[in-house]
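As structure tokens, the structure follows; a few thoughts come after it.
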2 protein chains.
Amino acid sequence: MGYSEAKYKKIKQSIKTNILKGLITTNEKISSESQLMKEFKVSRHTVRLAIGELVNEGWLYREQGAGTFCADRRESNLSSINENNKNIAIVTTFISEYIFPTIIRGAESYLSEHGYNVSIFNTNNQYNQEEKILTQILSSNYAGVIIEPTHSASANPNLKYYLNMEKEKIPYVMINAMYEELEPVSFSLDDVKGGFLQTKHLIDLGHRDIVCIYKTDDAQGQNRLKGYIKAHRECNLRLNPKNIITYQTENEHSKPIDDLKELLKVKADCPTAVVCYNDQLVLRLLDFVREEGIKVPEHLSFVGYDDSLLAELSEVKLTSVIHPKSELGRDAARAIIRLIQKNNQIDPGEDLSKLYEPQLKIRHSTAPIDKDLAI
Amino acid sequence: MGYSEAKYKKIKQSIKTNILKGLITTNEKISSESQLMKEFKVSRHTVRLAIGELVNEGWLYREQGAGTFCADRRESNLSSINENNKNIAIVTTFISEYIFPTIIRGAESYLSEHGYNVSIFNTNNQYNQEEKILTQILSSNYAGVIIEPTHSASANPNLKYYLNMEKEKIPYVMINAMYEELEPVSFSLDDVKGGFLQTKHLIDLGHRDIVCIYKTDDAQGQNRLKGYIKAHRECNLRLNPKNIITYQTENEHSKPIDDLKELLKVKADCPTAVVCYNDQLVLRLLDFVREEGIKVPEHLSFVGYDDSLLAELSEVKLTSVIHPKSELGRDAARAIIRLIQKNNQIDPGEDLSKLYEPQLKIRHSTAPIDKDLAI
DNA sequence: TCCGATTTGTTCGTATGTATG
DNA sequence: GCATACATACGAACAAATCGG
């Protein structure tokens, strides 16, 4: 039998997970050995091996005749180190994505100025990775956590870990999106308004057939879509369902471009403008439309999102929604320090959260509609 | 059976006594399990129970296939904190610079797979900031450091900190550049060759007046400049001193563009090609030349460096030197873990360092010279 | 206080997998 | 490739402590 899949290790992990999720609290009795035998369909020996190691690692303690109980890890392990605990964890979905470095840097500079260390973690937008990281943070020694939620559009399977963080009095703040059930301190752009601004700008320029292309497995994209729809409603414009293109992390490389290609084929009611999930997507689409001989913005206007480096470096400078990257990072850092200092208990009146008002930076990728130049 | 006379406890006591009597010394092999079974006339399970507890108490350690050995208790006591030390510091000059996130991510993914935490620090390419960070790392609890040297071209005022890290047996590896005095384990691109490739490609295309624009306050830029000169030498080409533009971090926003502007004014012996310090610089220059009505690559060829996201997203796709970003990050991570495991002492024969062979990715920003199209 | 059910503690036997030299 | 050593896993039995009735 392979070591990595050792049964006793699975049992260990399971028990440890339950502790970290807060399902078993200090001095609470865990299942008896015979119960665990049934549950995992293993021999008593195997159960005892698992429990034995957890006892040695300080997670549990045993009392003959009474049972096995959850140990109080804080006292034994942390008390000595705790005073010097100046570690902050920053958890992002994609470190290398183009706007994150700026956010991280904003946070890092503020935190290091205040004597904190910054550890970074990467979920790759995957729940199991997020779980692993939360597990690690909970069993290590962090004073606070700045986290961007994974797959923020769906219900979160790791909710228990967040609740346990609250119980363990480890403050956390969320950036860019949030799990609303938790009502966390959060820092994010008003994405509904952002999507609204993107769309309204084009409507004001006379556009009527506006395609939107949004990634909808995170809350950001879903909210931007809401804003896109809202702008149409407010202007009493008919909304063509065909003009709404959505994609997920999994198919982000193919679907947006394929679907837009399909739309541009039909010359009747052809779109005159496109709002995009972010600047990077715009640039990829610009490549494609250039090959097709479509001119931007004369034939087709584009609005980006994030106002990233790309928006300024591209040939056609992008009209884009300004994302307060660096400021957001600093604000999140300031808030987490405040929470740490206040021992995670702030006055009800003091709302640390911030919803940033988006603004549109108008450059050269959008122009008034010109019917004579229709594609 | 009474607990006080538990067989496994007797075995424990016997082994412990032998160690304390000096009959078994550090790293000496004790009797195998089967020998102990015969000696004490007990089952294997009982022997394992005794040994298991002694392992947990730090008296022994086991090696599968080899045997069970007497542990060095002095060390284990001192390094009991170090056993759990799974923190790696990554120190970069500019976190948000466009290629760093990819390097960091390469390192982070490998390190987190191996159970390490990653802390990041940012020197902003300033010595005093580097000093602050090194101070902090030395006074905290890091198992290893991956660092990009600050101002790598000049003599380093923080050398003592590096020497002290060696004394404290904190392994470090350098990326992208190195302080040669230290002869560190390092991972970097062969920048001389990179600059050579940039230039040689243009010479091969028939260009003779080639401008180079390099940042020379780091070793990367200085080496690329060397490569640029070397390419001219090898091809027996006259080198026009006016064609060498250098700049520093402080004036990177103005000097490159101003100097190039100056050069292009003079119609006599006007350059036909430009090699740049990195892709980002190329894109900024592309903006400027576009305004001037200069076409790329017809009138003026450009070669970038790093093969970044920008090279593929720009309108004119950039010919650029490939930087092994992610691979370099992983390699550095692998090396630091190896150094930690080997307690910073590797065999002289085992050279962990790696100098990456650069390659040129040819895209559309370079073309054969065409005298008829001279600017 | 004692009983009985439950729970952990100790010990035996056996078998097979995996790493080392 | 082989013997040896440790690693994982099953089954069974009895001892000792705890707890509710």
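Throughout, a chain's letter reflects where its sequence line sits, starting with A, and its residues are numbered from 1. Note that the structure is predicted; figures quoted are calculated from it, not measured.
For the pair B:Tyr61 OH and C:dT20 C1', the computed distance is 14 Å after rounding to whole Å. Taking atom CD1 on A:Ile11 and atom P on D:dA7, their separation rounds to 18 Å, with Å as the unit. For the pair B:Lys10 NZ and C:dT10 P, the interatomic distance rounds to 14 Å; values are reported in whole Å. In this structure, A:Tyr8 places its OH atom 16 Å from C1' of D:dC10, rounding to the nearest Å. One atom, NZ of B:Lys9, and another, P of D:dA16, lie 13 Å apart when rounded to the nearest Å. Across the protein-nucleic acid pair, B:Met37 atom CE and C:dT11 atom C1' stand 12 Å apart, rounded to whole Å. A:Lys41 places its NZ atom 13 Å from the P atom of D:dG11, with the value rounded to the nearest Å.
If you take OH on B:Tyr172 and CG on B:Leu339, they are separated by 10.5 Å, rounding to the nearest 0.5 Å.
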Apply side chain to side chain contact (heavy atoms under 4.5 Å, CB included) to B:Thr68 and B:Leu54, showing your working. CA-CA 11 Å; B:Thr68 305; B:Leu54 288 171; over 6 Å; no
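Heavy-atom distances under 4.0 Å link DNA chain C to A:Arg44, A:Arg48 of residues 42-49 of chain A, given in residue order.
For the 3.5 Å distance criterion, the side chains of B:Ser326 and B:Arg105 fail to qualify, holding no donor opposite an acceptor. With 3.5 Å as the limit, one finds no donor-acceptor pair spanning the side chains of A:Tyr162 and A:Asn156. B:Asn27 and B:Tyr61 share a side-chain donor-acceptor pair at under 3.5 Å.
Every residue two or more places apart in sequence or in another chain was checked for a side chain to side chain donor-acceptor pair (under 3.5 Å) with A:Gln129, and none qualifies. With sequence neighbours excluded, no residue satisfies side chain to side chain donor-acceptor pair (under 3.5 Å) with B:Glu180. Residues passing the side chain to side chain donor-acceptor pair (under 3.5 Å) test with A:Thr92: none are found, sequence neighbours excluded.
The shortest side-chain heavy-atom distance between B:Ile137 and B:Val91 falls under the 4.5 Å cut-off. With a 4.5 Å cut-off on side-chain heavy atoms, A:Thr17 and A:Glu131 count as touching. Side-chain contact check for A:Thr150 versus A:Tyr179: some heavy-atom pair is nearer than 4.5 Å.
Taking five base pairs at each end of the helix from C:dC2-D:dG21 to C:dG21-D:dC2, the local helix axes there meet at an angle of 20°, rounded to 10°.
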Could you list, one pair per line, each protein nitrogen or oxygen that sits under 3.5 Å from a nitrogen or oxygen of nucleotides 2-7 of chain C, together with the distance?
residue : atom : partner : partner atom : Å
C:dT7   : O2   : A:Gly65 : N            : 3.4

